[in-house]
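Each remark here refers to the structure printed beneath this line.
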There are 2 protein chains.
Amino acid sequence: MAGARERARTELTAEIVRLAREQVERDGATNLSLRAIARDLGMVSSAVYRYFASRDELLTRLIIDSYERLGAAAEAADAAVRRSDHRGRWRAIAHAIRDWAIANPSEYALLFGTPVPGYAAPQDTIAPASRYTLVLLNLLADVEAAGGRAAGRLAPPLKRDLAKVRATLGLAVDETLMAHGMAAWAALMGAINLELFGHLHNVVDTPGARFDLVVEQEAERLFAGTTVARRTSNRA
Amino acid sequence: MAGARERARTELTAEIVRLAREQVERDGATNLSLRAIARDLGMVSSAVYRYFASRDELLTRLIIDSYERLGAAAEAADAAVRRSDHRGRWRAIAHAIRDWAIANPSEYALLFGTPVPGYAAPQDTIAPASRYTLVLLNLLADVEAAGGRAAGRLAPPLKRDLAKVRATLGLAVDETLMAHGMAAWAALMGAINLELFGHLHNVVDTPGARFDLVVEQEAERLFAGTTVARRTSNRA
DNA sequence: AGCAAACGAGAGCAGTGCTCTTGCATCTCC
DNA sequence: GGAGATGCAAGAGCACTGCTCTCGTTTGCT
């Protein structure tokens with residue numbers, strides 16, 4: 001089995017992806033060049049098209065991989081904290097996402113930056129894309145199970161959407177709590193975006209401290225009503 | 001005065017910018033092509049370089065214009081609300097920013113999406129860039145003047161940075177309140193980003209309703225302690 | 001009137017994504 | 001094991017891109 005041809009194919013495919021990722025990290029996604037990859041490989045440009053039908057297809061592959069890495073980072077951070085320490089888990093997840101973004105700015109931009117105009121995300125990206133959000137949703141479910149509730153009243157259409165999400169994912173999370181969780185998610189991503197895309201220059205030089213603030217504020221909002229876990233070590 | 005040559009120059013410059021903006025709106029910033037503009041103008045591509053030294057310079061011009069428009073929209077929305085109705089002003093500003101983003105997605109992406117790798121924002125973009133944030137900061141100053149205070153303790157380095165900002169801008173805003181304002185700002189931009197860049201697909205179909213939620217939550221956080229304005233019409 | 005600056009046109013360089021043909025290597029089926 | 005189908009790399013080529021340089025012409029200022 002594993003004919004020489006097939007093995008060469010998978011190896012070359014992996015090599016292309018590796019070089020592509022290097023290029024994206026160095027020059028950004030817009031400057032990804034199939035021809036440059038071909039040159040590095042000692043091949044002619046048309047040969048690369050045997051492995052990826054187009055530049056977009058290669059980009060899609062990179063996007064999927066990046067989502068998986070981000071998801072893995074979030075999962076690992078979450079898993080390292082005691083299950084009942086919801087605040088600690090939130091902090092860990094949020095910082096893991098930010099740390100990953102800081103460490104891999106080009107990849108983060110690939111996922112959360114400007115979408116390429118012509119490019120429509122294919123179906124096979126949505127599963128990996130939801131991996132890191134699932135970590136947050138699972139945390140919400142645990143909060144709910146521990147008796148956490150969120151105050152407030154939701155607009156009926158939003159409530160309906162969220163009920164649908166709950167049904168689809170099979171998660172036991174109250175719509176209101178989920179809505180608060182999504183607001184926290186938006187604040188988290190917004191803080192990272194502002195920091196990473198340079199909108200804080202000439203404003204604040206310590207984005208890390210500001211990020212902590214956002215995380216803490218969201219924690220306060222999400223877990224203020226939670227009546228669990230005799231207050232033990234809550235510090236990160 | 002206004003020699004024919006000079007007049008022709010300013011007219012052509014304006015025409016180039018107009019065509020460039022059209023192109024960005026239609027095809028996105030990455031697909032902006034000087035050659036295409038030259039074609040539309042009936043000129044040869046090299047002639048355009050008499051007016052803009054490079055593609056980046058033209059993009060910078062577009063960015064500045066867009067920041068000005070966004071700033072103007074925010075200012076207008078703020079001005080339409082009674083000064084003492086801080087909640088209403090926050091709502092108006094937030095919705096104005098979002099509405100502008102929805103109406104001009106490509107321009108918004110130009111401002112807040114992935115920065116072009118090689119591109120460093122020139123000095124002359126930072127003043128227009130801070131125009132819409134100034135609207136928010138002025139609101140904070142009014143809240144402060146009305147006796148609004150924010151709870152919580154800030155990390156010393158963040159507090160120092162914010163004090164510097166206050167000194168630079170000459171704004172009378174407590175650091176803690178400013179920090180809360182910046183968190184609200186991050187949440188606002190995060191919500192818009194997620195909505196506009198398609199990260200809510202397969203999650204929530206009514207981003208408008210969800211956006212309202214974020215705005216309301218931030219309003220709650222910012223103005224909970226404010227002890228002003230006998231509660232009158234607070235509805236948008 | 002004379003001169004310098006501004007200007008548009010054109011050719012050209014280096015790069016891009018992508019297609020098509022051509023010949024060789026490999027794998028598969030009889 | 002040989003014959004035919006398939007996979008693959010190479011090369012040429014098309015239609016683009018940003019940008020540079022040169023070369024006449026037009027314009028405006030002195």
Side-chain angles (χ1 to χ4, degrees), chain A residues 1-17 19-24 26-63 110 114-120 122, chain B residues 1-17 19-24 26-63 110 114-120 122:
Chain A
M1 330 285 100
R5 182 154 242 163
E6 189 178 341
R7 207 181 51 228
R9 179 171 188 86
T10 62
E11 273 179 18
L12 246 177
T13 305
E15 189 66 4
I16 290 173
V17 170
L19 289 173
R21 166 151 279 113
E22 270 185 28
Q23 237 184 76
V24 167
R26 192 170 0 99
D27 309 317
T30 61
N31 294 23
L32 174 64
S33 158
L34 284 190
R35 288 186 115 107
I37 292 176
R39 270 195 301 275
D40 287 359
L41 246 51
M43 297 201 314
V44 87
S45 75
S46 61
V48 179
Y49 284 83
R50 297 271 172 204
Y51 300 87
F52 290 94
S54 70
R55 185 176 171 277
D56 272 7
E57 194 175 300
L58 179 54
L59 265 180
T60 299
R61 170 62 177 272
L62 292 181
I63 289 175
L110 190 61
T114 311
V116 182
Y119 179 85
Chain B
M1 327 287 99
R5 182 153 241 162
E6 189 179 342
R7 209 182 49 231
R9 179 171 187 86
T10 62
E11 272 180 19
L12 245 177
T13 306
E15 188 66 5
I16 290 174
V17 170
L19 289 173
R21 167 150 277 114
E22 270 185 29
Q23 236 184 77
V24 166
R26 191 168 4 96
D27 309 317
T30 61
N31 295 21
L32 174 64
S33 158
L34 284 191
R35 289 186 115 108
I37 292 176
R39 271 194 302 274
D40 287 359
L41 245 51
M43 297 201 314
V44 88
S45 75
S46 60
V48 180
Y49 284 83
R50 298 272 177 208
Y51 300 87
F52 290 93
S54 69
R55 187 176 171 276
D56 271 8
E57 194 175 300
L58 179 53
L59 265 180
T60 299
R61 169 65 176 271
L62 292 182
I63 289 175
L110 191 60
T114 312
V116 183
Y119 180 85

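Below, chains carry the letters A, B, ... as their sequence lines are ordered, and counting in each starts from 1. What you see is a predicted model, and the numbers here were worked out from it, not measured in a lab.
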Can you find a heavy atom in the side chain of [X] that is under 4.5 Å from one in the side chain of [Y]?
{"X": "A:I16", "Y": "A:L34", "answer": "no"}
{"X": "B:T13", "Y": "B:R61", "answer": "yes"}
{"X": "B:T30", "Y": "A:T114", "answer": "no"}

Whole-Å gap separating [atom2] ([N]) and [atom1] ([X]):
{"X": "A:R55", "N": "C:dT16", "atom1": "CZ", "atom2": "C1'", "result": "9 Å"}
{"X": "B:F52", "N": "D:dT20", "atom1": "CZ", "atom2": "P", "result": "16 Å"}
{"X": "B:M43", "N": "C:dA6", "atom1": "CE", "atom2": "P", "result": "17 Å"}
{"X": "B:D56", "N": "D:dC19", "atom1": "CG", "atom2": "C1'", "result": "12 Å"}
{"X": "A:R50", "N": "C:dT26", "atom1": "CZ", "atom2": "C1'", "result": "14 Å"}
{"X": "A:E15", "N": "D:dA9", "atom1": "CD", "atom2": "P", "result": "13 Å"}
{"X": "B:R39", "N": "C:dA9", "atom1": "CZ", "atom2": "C1'", "result": "16 Å"}
{"X": "A:L34", "N": "C:dG15", "atom1": "CG", "atom2": "P", "result": "16 Å"}

Side-chain N,O ([X]) to OP1/OP2 ([N]) below 4.0 Å:
{"X": "A:S54", "N": "C:dG17", "answer": "no"}
{"X": "A:R9", "N": "D:dC8", "answer": "yes"}
{"X": "A:Y49", "N": "D:dC8", "answer": "no"}

* To do: First locate atom CZ of B:R26, then atom CG of B:L32, and finally report the distance between them rounded to the nearest 0.5 Å.
  => 10.5 Å

When all nucleic acid strands are considered with a 4.0 Å heavy-atom cut-off, which category describes [X]: base, sugar-phosphate, or nothing?
{"X": "B:L58", "result": "nothing"}
{"X": "A:L12", "result": "sugar-phosphate"}
{"X": "A:L32", "result": "sugar-phosphate"}

[X] side-chain proximity, nearest of [options]:
{"X": "A:R35", "options": "C:dT16, C:dC20, D:dA9", "result": "C:dT16"}
{"X": "A:V44", "options": "D:dA10, C:dC18, D:dT17", "result": "D:dA10"}
{"X": "B:S33", "options": "C:dA9, D:dA9, D:dG18", "result": "D:dG18"}
{"X": "B:R5", "options": "D:dG11, C:dG8, D:dT26", "result": "D:dT26"}
{"X": "B:S46", "options": "C:dG8, D:dC19, C:dA9", "result": "C:dA9"}

* Asked: Do the side chain of A:Q23 and the main chain of A:S33 share a donor and acceptor less than 3.5 angstrom apart?
  -> yes

